[in-house]
S.K.: 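This structure is in structure tokens; I'll ask about it shortly.
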Amino acid sequence: QVQLVESGGGLVQAGGSLRLSCAASGRPFSNYGMGWFRQAPGMEREFVATVSWSGGTKYYADSVKGRFTISRDNAKNTVYLQMTSLKPEDTAIYYCAATGLRVGAWNGGQYDYWGQGTQVTVSS
């Protein structure tokens, strides 16, 4: 089992920045690719970003490319999502997730463990 706990969400004005963190415990963190997903009210969950076990490979949704950066620190068992130039449409609950696919994945169905989520609200 892997336990994931997100933090860092909050209320921010459009154009602002936030950094989300996701602390992992349980099985060795470096065994897993990690991802961030989000779900806005009334919408389906969508992929945001993923990072491979080493941090060397990263993929982003087109909607966040150039604004968000995913990274990980295996020594701290933590994955991050740095969000800049935030827009009201970024408002959602953000979830981190772990997949046994060490290269990472964009499909939520390929993730084995999920955190409880952290709310991000961007005001206009």
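Values in this document were obtained by computation on a predicted structure and should not be read as measured data.
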S.K.: Which residues pass the side-chain hydrogen bond (donor to acceptor under 3.5 Å, both in side chains) test with Gln116, not counting sequence neighbours?
M.R.: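 Applying side-chain hydrogen bond (donor to acceptor under 3.5 Å, both in side chains) to Gln116 gives Glu6.
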S.K.: Using the test side chain to side chain contact (heavy atoms under 4.5 Å, CB included), find all partners of Pro88 that sit at least two apart in sequence or belong to another chain.
M.R.: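 So Pro88 forms a side chain to side chain contact (heavy atoms under 4.5 Å, CB included) with Ala14, Val122, Ser124.
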S.K.: With sequence neighbours excluded, what pairs up with Ala98 under the side chain to side chain contact (heavy atoms under 4.5 Å, CB included) test?
M.R.: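 Side chain to side chain contact (heavy atoms under 4.5 Å, CB included) list for Ala98, sorted by chain: Leu4, Tyr32, Met34, Tyr113.
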S.K.: Tell me which pairs pass salt bridge (Lys or Arg N to Asp or Glu O under 4.0 Å) where either residue lies in residues 48-64, with sequence neighbours left out.
M.R.: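 Every salt bridge (Lys or Arg N to Asp or Glu O under 4.0 Å) pair that includes a residue of residues 48-64, provided the two are not neighbours, is Asp62-Lys65.
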S.K.: What's the spacing between Asp73 CG and Phe29 CZ if we round to 0.5 Å?
M.R.: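 Here the rounded value is 8.5 Å.
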S.K.: Rounded to the nearest 0.5 Å, what separation is found between the OH atom of Tyr59 and the CZ atom of Phe47?
M.R.: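 If I round to the nearest 0.5 Å, the distance is 9.5 Å.
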S.K.: Looking at Val2 and Ala24, what are the two nearest heavy atoms and their distance?
M.R.: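 The answer is CG1-CB, 4.4 Å.
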S.K.: Going by the rule side chain to side chain contact (heavy atoms under 4.5 Å, CB included), which residues pair with Gln13 if we only count those two or more places apart in sequence or in a different chain?
M.R.: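 If we apply the side chain to side chain contact (heavy atoms under 4.5 Å, CB included) test to Gln13, skipping adjacent residues, the hits are Ser123.
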S.K.: Got a sec, which residues hit side-chain hydrogen bond (donor to acceptor under 3.5 Å, both in side chains) with Tyr111, two or more places apart in sequence or on another chain?
M.R.: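 Tyr111 satisfies side-chain hydrogen bond (donor to acceptor under 3.5 Å, both in side chains) with Thr50 once adjacent residues are dropped.
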S.K.: Under the side-chain hydrogen bond (donor to acceptor under 3.5 Å, both in side chains) definition, can you give me all pairs with a residue in residues 93-105, not counting sequence neighbours?
M.R.: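 The answer is Arg38-Tyr94.
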S.K.: Supply the atom-to-atom distance Leu11 CG to Gln119 CD, rounded to the nearest 0.5 angstrom.
M.R.: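 Interatomic distance, Leu11 CG to Gln119 CD, rounded to 0.5 Å: 9.5 Å.
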S.K.: Only counting residues at least two apart or in another chain, list the ones meeting ring pair (Phe, Tyr, Trp, His ring centres under 6.0 Å) with Phe68.
M.R.: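 If we apply the ring pair (Phe, Tyr, Trp, His ring centres under 6.0 Å) test to Phe68, skipping adjacent residues, there are no hits.
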S.K.: Find out if a path of hydrophobic residues (ILVMFWY) with successive side-chain heavy-atom gaps under 4.5 Å connects Val64 to Val12.
M.R.: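 Val64 and Val12: one cluster.
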S.K.: Provide the full list of side-chain hydrogen bond (donor to acceptor under 3.5 Å, both in side chains) pairs with a residue in residues 76-89, sequence neighbours left out, each pair given once.
M.R.: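 Not a single pair qualifies under side-chain hydrogen bond (donor to acceptor under 3.5 Å, both in side chains).
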S.K.: For Asn74, check side-chain hydrogen bond (donor to acceptor under 3.5 Å, both in side chains) against everything at least two apart and list the hits.
M.R.: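 With neighbours one apart ignored, the set is Arg72.
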S.K.: Taking atom CH2 of Trp106 as the centre, does the number of heavy atoms from other residues, nucleotides or ligands within less than 6.0 Å exceed 12?
M.R.: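 Counting neighbours around CH2 of Trp106, 12 or fewer heavy atoms of other residues, nucleotides or ligands fall under 6.0 Å, so no.
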S.K.: To check you understand the geometry: which heavy-atom pair defines the closest contact between Gln39 and Met43, and what is its length?
M.R.: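 The pair with the smallest heavy-atom distance is NE2-O, 3.0 Å.
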S.K.: Applying side-chain hydrogen bond (donor to acceptor under 3.5 Å, both in side chains), name anything that partners Gln110, two or more places apart in sequence or on another chain.
M.R.: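 Once residues adjacent in sequence are excluded, Gln110 has no partner under the side-chain hydrogen bond (donor to acceptor under 3.5 Å, both in side chains) criterion.
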S.K.: Is any side-chain heavy atom of Met83 closer than 4.5 Å to a side-chain heavy atom of Asp90?
M.R.: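 Counting from C-beta outward, Met83 and Asp90 never come under 4.5 Å.
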S.K.: Provide the closest heavy-atom pair for Leu81 versus Ala49 in the form atom of the first, atom of the second, distance.
M.R.: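 Nearest pair, atom of Leu81 first, then Ala49: CD1-CB, 4.3 Å.
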S.K.: Tell me the disulfide (SG to SG under 2.5 Å) pairs involving residues 17-115, sequence neighbours left out?
M.R.: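 Sorted result for residues 17-115: Cys22-Cys96.
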S.K.: Shared ILVMFWY cluster between Leu86 and Ile93, side chains joined below 4.5 angstrom?
M.R.: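 Different clusters.
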S.K.: Hey, any chance Val48 and Tyr60 share a hydrophobic cluster, counting ILVMFWY side chains that come within less than 4.5 Å of each other, even indirectly?
M.R.: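 Linked, Val48 and Tyr60 end up in one cluster.
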